[in-house]
Amino acid sequence: QAHLVESGGGSVQTGGSLRLSCAPSESTLSPACMGWFRQYPGKEREGVAAAFPRSGSTDYHDSVKGRFSITQGNTENTLVLQMNSLKPEDSAMYFCAAADAWACRHHLLTANYYDSWGQGTQVTVSS
């Protein structure tokens, strides 16, 4: 399992932007899928955006389509989530996740297919 290191997050006003980054702590690790999930208090984690880099496949939660984008960072296996036009309902704890088994490619936004998780970073959007 990969140990994932997250960076970014913080507080912005409605309409603002934030950038989250995630990378395995060991450069030799190459997950099959990587993604971002968020969790509201008392709720289960929901998939926000995820990718299967080998094919270039990505998937997004309907509520973030057109506002969020997921890309590879400057180093291999680094995942970047660019969040634009943020809304108060985007406020949540965001988690980076990685999956080793290729089955994840058919279930990019399903948390159960992911093996490794970061510690989470808080995103707060004020109105």
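Atoms considered below: every heavy atom in the structure, side chains included; atoms not considered: hydrogens, waters and symmetry mates.
- The distance from atom CG of Asp90 to atom OG of Ser63, rounded to the nearest 0.5 Å, is 6.5 Å.
- Atom CD of Glu6 and atom CG of Leu81 lie 11.0 Å apart (nearest 0.5 Å).
- Looking at Ser17 and Gln82, their side chains come closer than 4.5 Å, going by heavy atoms from C-beta outward.
- Here Gln72 contributes atom CD and Met34 contributes atom CE; the two are 9.5 Å apart, rounded to the nearest 0.5 Å.
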Query - Verdict with reasoning, Arg45 to Arg38, per side chain to side chain contact (heavy atoms under 4.5 Å, CB included) - result: CA-CA 5 Å; Arg45 292 179 188 180; Arg38 64 188 177 191; over 6 Å; no
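- Smallest separation of non-hydrogen atoms from Val123 and Leu18: CG1-CD1, 3.8 Å.
- When every heavy atom of Thr78 is checked against every heavy atom of Ala23, the shortest pair comes out as OG1-CB, 3.6 Å.
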Query raised in the report: How far apart are the C-alpha atoms of Phe68 and Trp36, what are their side-chain angles, what is the distance that settles it, and do they pass the ring-ring contact (aromatic ring centres under 6.0 Å, His included) test?
Result: CA-CA 11 Å; Phe68 291 12; Trp36 287 95; over 10 Å; no
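- Of all heavy-atom pairs between Pro53 and Ala51, the closest is CD-O, 3.4 Å.
- The backbone N or O of Leu108 lies less than 3.5 Å from a partner atom in the side chain of Tyr114, making a donor-acceptor pair.
- Ring pair His107/Tyr113 is parallel by interplanar angle, where below 30° counts as parallel and above 60° as perpendicular.
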Requested in this report: Test Gln39 against Phe95 for side chain to side chain contact (heavy atoms under 4.5 Å, CB included), laying out the working first.
Outcome: CA-CA 8 Å; Gln39 188 169 22; Phe95 296 88; 3.7 Å; yes
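- For the atom pair OG1 (Thr71) and CG (Leu79), the distance works out to 7.0 Å, reported to the nearest 0.5 Å.
- Residues Val64 and Val80 do not share a hydrophobic cluster, clusters being chains of Ile/Leu/Val/Met/Phe/Trp/Tyr side chains in contact below 4.5 Å.
- Between Leu109 and Tyr60 there is no side-chain heavy-atom pair separated by less than 4.5 Å.
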Query raised in the report: Is there a side chain to side chain contact (heavy atoms under 4.5 Å, CB included) between Ser91 and Tyr40 once you walk through the steps?
Result: CA-CA 8 Å; Ser91 298; Tyr40 300 104; 5.8 Å; no
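- Around CD of Gln119, the count of heavy atoms belonging to other residues, nucleotides or ligands within 6.0 Å does not exceed 12.
- Within a 6.0 Å radius of CD in Gln13, other residues, nucleotides and ligands contribute 12 heavy atoms or fewer.
- Across Asp115 and Asp100, no two heavy atoms sit closer than the pair OD2-N, 2.6 Å.
- Here Ser57 contributes atom OG and Arg105 contributes atom CZ; the two are 9.0 Å apart, rounded to the nearest 0.5 Å.
- Enclosure of atom CZ in Arg54 by more than 12 non-hydrogen atoms of other residues, nucleotides or ligands within 6.0 angstrom is indicated.
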Query raised in the report: Between Arg67 and Met83, is a side chain to side chain contact (heavy atoms under 4.5 Å, CB included) present by the stated rule, with each step listed?
Result: CA-CA 6 Å; Arg67 300 188 298 121; Met83 304 186 292; over 6 Å; no
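- Here Trp117 and Phe37 bring their ring centres to under 6.0 angstrom of each other.
- Looking at every heavy atom in both residues, Met93 comes nearest to Gly120 through SD-C, 3.7 Å.
- Using a 4.0 Å cut-off between charged side-chain N and carboxylate O, Asp62 and Lys65 make a salt bridge.
- For the atom pair CG (Asn112) and SG (Cys104), the distance works out to 13.0 Å, reported to the nearest 0.5 Å.
- Remark: the backbone N or O of Ser7 is not paired with any side-chain donor or acceptor of Ser21 at under 3.5 angstrom.
- Contact detail for Leu4 and Ala98: the closest heavy-atom pair is CD1-N, 3.7 Å.
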